[in-house]
Amino acid sequence: MKKVLVTGGTGLVGKALEAVIKEQAPADEQWYFAGSKDADLTNLAATQALFARERPSHVIHLAAMVGGLFHNMNNNLDFLRNNLLINDNVLQTAHEQGCSKVVSCLSTCIFPDNTSYPIDETMVHNGPPHPSNYGYSYAKRLIDVQNHAYHDKYDRLYSSVIPCNIFGPHDNYKPEVSHVIPGMINRMYQLIKEQPEVPESEKVFTVFGSGKPLRQFVYSLDLAELMIWVLREYDSVEPIILSVDEAQEVTIYEVAKAIAKAFNFKGKLVCDTSKADGQYKKTASNAKLRSLLPNYAFTNFETAIEKSVEWYKDNYDQARK
């Protein structure tokens, strides 16, 4: 019987994993979704206590200090220090307690700022990351370094996945920390609710930046299915990119249009070019994933946006905002 511990199990991806596992109901696996109330993973003793209590054989490591572009820009030191502590505590404790497999979650934002596209798994350490989020990026890159070191010294099968931008139910909608899609969903909903006497056609929704940067977005339920597959079937210490195809890349303005359509918003969309754009593009290749899972069908982007907006409206009072 596998005992799987999910760190960061109450967040966006953790909730998606929980939903998929509930649907699959595997007879040979027990899953425990640990949240911040279970343990402060920046504290080694607390991390060890969690592992001693749950005694996992496998770990999906999602826990991290995360945030959107502007939160990263203003807090690089905190992102670096907190994530270094979390990652070292989790990986070392997993090793000490004999976990046979750990799958950690990285991000495409860890890749070099100046690079050729599409980026792939071999390019993680080829140069400095974008200066807006170097603290988070270097901390996440070091997971890959540690995975190889545990493999070299102890033959541990500790690996990592690199998803593109994730969105879906249970996202974080807090304005100061949210990523682009939940941030837009929250702001558009507030705009629609404000001043109900003003016709919606006269309301203006502001897209931060030029709207031109390109991004690949993966629906959290899709990512959860793929991460479960990695845990069960992918037996390599080398990282693997979990991303939609390159052809599914969209502009930030197209994201805003899809959210407006999901809300049936009739107002105008205006770009505020005084706001930072961040990295223009970070197109990732999923060729490695496709070589192993050639027929996996990702959820259509607009459909996934519609589902995300519906979840937000239905769970507005409980959403993180």
Is Phe301 close to Thr303 at the side-chain level, that is, under 4.5 Å between some pair of heavy atoms?
-> no
Below 4.5 Å, heavy atoms only, C-beta onward: do Ile143 and Leu106 meet side chain to side chain?
-> yes
Between Tyr138 and Arg141, is there a cation-pi geometry (under 6.0 Å to ring centre, at most 45° from the normal)?
-> yes
Note, Tyr150 side chain near Leu91 side chain (heavy atom, < 4.5 Å) = yes
Any idea how Phe167 and Tyr219 line up, ring-wise: parallel (<30°), tilted (30 to 60°), or perpendicular (>60°)?
-> tilted
Gln216 and Thr283: side chain donor to acceptor below 3.5 Å | no
So which heavy atom on Met1 is nearest to which on Glu29, and how close?
-> SD-N, 3.3 Å
CG on Asp245 to SG on Cys164, rounded to 0.5 Å = 10.0 Å
Lys288 and Tyr234: side chain donor to acceptor below 3.5 Å | yes
Sidechain-backbone polar pair: Glu121 side chain, Ile241 backbone, donor-acceptor under 3.5 Å = yes
Here the gap from Glu233 atom CD to Leu293 atom CG, rounded to the nearest 0.5 Å, amounts to 9.0 Å
Side chains of Arg53 and Tyr32, donor plus acceptor under 3.5 Å | yes
For Phe111, all residues meeting ring-ring contact (aromatic ring centres under 6.0 Å, His included), sequence neighbours excluded = none
Looking only at heavy atoms, what is the nearest atom pair of Ala139 and Asn83, with distance?
-> CB-CB, 3.6 Å
Heavy-atom check, side chain of Ile240 versus side chain of Ser159, under 4.5 Å | no
Would you give the length of the straight line joining atom CG of Asn75 to atom CG of Leu80, rounded to the nearest 0.5 angstrom?
-> 12.0 Å
In terms of side-chain geometry, is the basic nitrogen of Lys313 or Glu310 positioned less than 4.0 Å from the acidic oxygen of its partner?
-> yes
Does a side-chain N-to-carboxylate-O contact under 4.0 Å join Glu54 and Lys3?
-> yes
Thr251 (side chain) donor-acceptor with Leu214 (main chain) under 3.5 angstrom | no
Between Lys282 and Asp113, is a salt bridge (Lys or Arg N to Asp or Glu O under 4.0 Å) present by the stated rule, with each step listed?
-> CA-CA 8 Å; Lys282 42 185 177 178; Asp113 182 27; over 6 Å; no
Which atom of Pro56 lies closest to which atom of Leu5, heavy atoms considered = CB-CB, 3.6 Å
Do Thr7 side-chain atoms and Leu62 backbone N/O form a donor-acceptor pair below 3.5 Å?
-> yes
Atom pair CG/OG of Asn147 and Ser104 - distance to nearest 0.5 Å = 5.5 Å
Decide if atom CZ of Arg290 counts as having more than 12 heavy atoms of other residues, nucleotides or ligands within a radius under 6.0 Å.
-> yes
Presence of salt bridge, Lys261 and Glu302, under 4.0 angstrom = yes
Ignoring hydrogens and geometry, is there a side-chain-to-backbone donor-acceptor pair from Asp222 to Thr299 under 3.5 Å?
-> yes
Salt-bridge test for Lys203 and Glu200: reply yes if a basic N is under 4.0 Å from a carboxylate O, no otherwise.
-> no
Are the side chains of Asn76 and Pro131 in touch, meaning some heavy atoms are under 4.5 Å apart?
-> no
Quick check: does any side chain N or O of Arg187 sit under 3.5 Å from a backbone N or O of Thr206, one acting as donor and the other as acceptor?
-> yes
Can the ring centroids of Tyr134 and Phe79 be said to lie less than 6.0 angstrom from one another?
-> no
Residue pair Asp277 / Ser210, side-chain donor-acceptor N/O under 3.5 Å = yes
Are Ile166 and Leu12 close enough that some pair of their side-chain heavy atoms sits under 4.5 Å apart?
-> yes
Is it the case that Arg156 and His95 place a side-chain donor and acceptor less than 3.5 Å from each other?
-> yes
Do Asn43 and Asn89 have side-chain N/O donor and acceptor atoms under 3.5 Å apart?
-> no
Side-chain touch Leu142/Asn87, heavy atoms, less than 4.5 angstrom | no
Using the side-chain contact (heavy atoms from CB on, under 4.5 Å) rule, pick out the option among Gln146, His148, Lys140 that qualifies with Asp144.
-> His148
Does a donor on one side chain and an acceptor on the other come within less than 3.5 Å for Ser285 and Asp120?
-> no
Output for pair (Leu17 CG, Lys22 NZ), nearest 0.5 Å, gives 14.5 Å
Quick one: do the Gln190 and Glu194 side chains pair a donor with an acceptor below 3.5 Å?
-> no
Would you say the side chain of Glu18 lies within less than 4.5 Å of the side chain of Val6, judging by non-hydrogen atoms?
-> no
List for me each residue that meets ring-ring contact (aromatic ring centres under 6.0 Å, His included) alongside Phe205, sequence neighbours excluded, and say none if there are none.
-> none
Test ring-ring contact (aromatic ring centres under 6.0 Å, His included) applied to Trp229 - qualifying residues, sequence neighbours left out | none
If you measure only the distance, is there a donor-acceptor pair under 3.5 Å linking the side chains of His179 and Asp171?
-> no
Hey, could you give me the CG/CG distance between Asn165 and Leu223, rounded to the nearest 0.5 Å?
-> 11.5 Å
Using 30° and 60° as the class limits, which term best fits the ring planes of Tyr296 and Phe298: parallel, tilted or perpendicular?
-> perpendicular
Show the numbers, then the answer: is there a ring pair (Phe, Tyr, Trp, His ring centres under 6.0 Å) between Tyr173 and Tyr189?
-> CA-CA 11 Å; Tyr173 304 89; Tyr189 187 68; 10.0 Å; no
Give a yes or no on whether the backbone of Pro182 and the side-chain of Asn186 come within a donor-acceptor separation of less than 3.5 Å.
-> no
